[in-house]
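Here the structure is laid out as structure tokens; the discussion comes afterwards.
We name chains A, B, ... by the order of the sequence lines, and we start the count at 1 in each one.
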Amino acid sequence: MKARKNSGASNPPVVAGLRRLRRTELPADTVRLARYLIGKTLVHSTRGGVVVSGRIVETEAYPPGDPSGHAFRGKTASNGSLFLERGFAYVYFCYGSSFMMNVSSERPGIGAGVLIRALEPLHGIGLMRRRRGGAPLRDLARGPGRTAAAMAIDRRYDGLDLCGRHSLWLAAPTRRRGVLAVSPRIGITRAVDHPLRFYERGSRFVSRSSR
DNA sequence: TATGCGATATTCT
DNA sequence: GAATATCGCATAG
């Protein structure tokens with residue numbers, strides 16, 4: 001029998017309340033998608049039934065033709081997911097230690113995406129903390145590499161449809177979004193002044209304050 | 001809190 | 001061989 005209320009300590013927290021985003025809800029435009037994703041939820045349900053999720057509080061746009069974008073030099077064996085239609089995962093490995101996830105944007109055949117840079121942990125915080133070596137709550141997903149680690153996202157998820165019925169998906173917000181703030185992007189060497197980083201103002205889970 | 005630095009592997013030159 | 005959309009630790013203030 002099923003508990004009608006969420007009183008059981010071992011029950012996963014109100015995951016049924018999370019509604020999958022449909023692709024038609026995602027703006028096709030890269031910058032608009034980057035803004036749209038702030039406040040949305042990223043969900044990863046494991047086979048064991050544990051659900052890990054977080055509010056997206058920081059993104060960066062890498063629009064078509066951006067010299068700092070991975071698609072800038074054209075399609076290769078590793079960046080193909082950026083050229084899919086919007087809503088697919090592009091996962092790559094960087095600096096010898098970190099995976100990072102983008103959400104593909106624009107139309108099929110156009111290489112662009114939105115980097116997910118930070119989450120505010122919502123569900124499965126115990127599992128996230130284990131995956132992150134016992135880091136404090138604030139640091140569990142503060143930064144793109146930490147986000148991928150906390151969500152157990154690796155190369156296997158490259159090319160996955162985040163709007164499909166898979167274990168990793170995008171969901172509607174759990175509460176209203178705060179004020180959106182804008183700054184230059186982090187860690188790049190070209191087009192460094194473009195205001196293409198978006199974050200929720202005041203969030204303690206954002207990777208860095210703008211300068 | 002801010003800054004500096006080394007580790008690390010994949011990709012493209 | 002070089003570059004890289006980073007992290008964690010160290011140190012100083």
Residue of the set A/Arg204, A/Arg55, A/Arg177 for which salt bridge (charged side-chain N to carboxylate O under 4.0 Å, His left out) holds with A/Glu120: A/Arg55
Single hit among A/Arg19, A/Lys40, A/Arg20 for salt bridge (charged side-chain N to carboxylate O under 4.0 Å, His left out) with A/Glu25: A/Arg19
Nearest-Å distance for atom pair [atom1]/[atom2], residues [X] and [N]:
| X | N | atom1 | atom2 | value |
| --- | --- | --- | --- | --- |
| A/Asn79 | B/dC12 | CG | P | 7 Å |
| A/Leu115 | C/dT4 | CG | C1' | 13 Å |
| A/Arg146 | C/dG8 | CZ | P | 5 Å |
| A/Ile186 | B/dA2 | CD1 | P | 13 Å |
| A/Phe72 | C/dA5 | CZ | C1' | 15 Å |

Checking all strands, does A/Asn102 fall into the base, sugar-phosphate, or nothing category for heavy-atom contacts under 4.0 angstrom? base
Look at the side-chain N and O atoms of [X] and state whether any lies under 4.0 Å from the OP1 or OP2 oxygen of [N].
| X | N | result |
| --- | --- | --- |
| A/Arg155 | B/dT11 | yes |
| A/Ser78 | B/dC12 | yes |
| A/Arg132 | C/dG8 | yes |

What's the closest nucleotide to the A/Ser98 side chain, out of B/dT10, C/dC7, B/dT13? C/dC7
For the side chain of A/Ser97, counting heavy atoms from C-beta on, which of C/dT6, C/dT4, C/dA5 is nearest? C/dT6
Considering only heavy atoms from C-beta outward, does the side chain of A/Met101 approach that of A/Pro144 to under 4.5 Å? no
Comparing A/Arg73 with A/Phe93, nearest DNA chain B nucleotide closer to 5' gives the residue A/Phe93
If pairing means Watson-Crick or G-U wobble with both distances under 3.5 Å, then the partner of B/dA2 is C/dT11
Pairing nucleotide - C/dG1, Watson-Crick or G-U, each distance under 3.5 Å: B/dC12
Can you find a donor-acceptor pair, distance only, under 3.5 Å between A/Tyr95 side chain and B/dA7 base? no
Looking at A/Glu58 and A/Arg197, is any side-chain nitrogen of the basic one under 4.0 Å from a carboxylate oxygen of the acidic one? yes
